[in-house]
Amino acid sequence: MDASPAAMPPLVETPLGRLVKSLPERLAERILEDVMTGRLRPGERLKEELLAETHAVSRATVREALIALARQGYVVRIPRSGARIAEFSRNDLDDLFELRAALLAMAAGRYTRQAGPAERAAIEAEVARLEAMAASPDMSPQDFATQSIRIQTLLIERCGNNHLPDMYKRLAGMGMWQLIRGQASSFLTLAGRQESAADWRRLADCVAGKTMRAPSVRPDFC
């Protein structure tokens, strides 16, 4: 007697209405894109009238977009002074990178100790992609930073410490690190990107068992 095919679970689709982003959401993404590419600089004032005119939207739409960006930490809203792009002092950057590097070093150590074939292949693929990006003189610093963050997320989420991902994300959202990285200098040059990729290569080699040295994470390379 032939076995009947297993019943397939029903396909759950996202309601169409939820796939469509509102105008304020799309404007917020456009403003954030301008921040990441340097068209809008840290500390720069965001004038509602100018944004409304530039993007052909109402001031109410601009206001909603800025409120959303402020919730995410990209924009600072000051009473009677309007909104400005968030900025960080040199000390802020140093402190944040030091804290993040400490958490990342812990994750890298745990990931290395428990890495199986799948984990070794995953980190190797992501680091190889980063190395290819570092070899390109025309590579966008923002794109390079995004790939670096992708590797960090891999280590954090698969290190085996259930509390570490939440602590890491609370320190700063992944998108926020792109904004912070845009104000740092190490990814802005080809040499800086290549140095970062070389550091990640050493860590990947350690995960793969090619070196015996315990992985370490410098605050300025990630």
Nearest 0.5 Å, please: how far is [atom2] in [Y] from [atom1] in [X]?
X	Y	atom1	atom2	answer
Asp166	Ile156	CG	CD1	11.5 Å
Leu154	Cys159	CG	SG	10.0 Å
Glu124	Arg120	CD	CZ	11.5 Å
Leu164	Glu157	CG	CD	10.5 Å
Arg84	Arg77	CZ	CZ	13.0 Å
Ser196	Glu131	OG	CD	10.5 Å

ILVMFWY network linking Val76 to Val62, side-chain heavy atoms under 4.5 angstrom: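 No, Val76 and Val62 fall in different hydrophobic clusters.
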
Any link between Ile151 and Met133 through a network of hydrophobic side chains (Ile, Leu, Val, Met, Phe, Trp, Tyr) touching at under 4.5 Å?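 Yes, same cluster.
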
Could you pull out the closest heavy-atom pair between [X] and [Y], with the gap in Å?
X	Y	value
Val127	Ala204	CG2-CB, 3.8 Å
Pro141	Arg193	CG-NH1, 3.9 Å
Ala115	Val207	CB-CG1, 3.8 Å
Pro24	Ala65	O-CB, 3.5 Å
Ala83	Leu66	CB-CD1, 4.1 Å

Stepwise, does the side chain to side chain contact (heavy atoms under 4.5 Å, CB included) test hold for Gln152 with Leu155? CA-CA 5 Å; Gln152 294 162 40; Leu155 291 176; 5.9 Å; no

So, [X] side chain and [Y] main chain: donor-acceptor pair closer than 3.5 Å or not?
X	Y	value
Thr112	Ala108	yes
Gln147	Glu126	yes
Glu119	Gly116	yes
Gln114	Arg158	yes

Are any of the side-chain heavy atoms of Tyr168 and Leu104 separated by less than 4.5 Å?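 Yes - at least one pair of side-chain heavy atoms lies under 4.5 Å apart.
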
Any salt bridge between [X] and [Y], counting N to O under 4.0 Å?
X	Y	answer
Asp205	Arg201	yes
Glu64	Arg59	no
Arg26	Glu29	no

Testing Glu53, His55, Glu48 for side chain to side chain contact (heavy atoms under 4.5 Å, CB included) with Leu51, which one passes?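 One option only clears the test, and that one is His55.
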
Please indicate whether Arg129 has more than 12 foreign heavy atoms, meaning atoms of other residues, nucleotides or ligands, lying under 6.0 Å from its CZ.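 Yes, because the 6.0 Å sphere around CZ of Arg129 holds more than 12 heavy atoms from other groups.
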
After noting the C-alpha distance and the side-chain angles of Leu27 and Leu23, does the key distance pass the side chain to side chain contact (heavy atoms under 4.5 Å, CB included) rule? CA-CA 6 Å; Leu27 176 59; Leu23 193 55; 5.7 Å; no

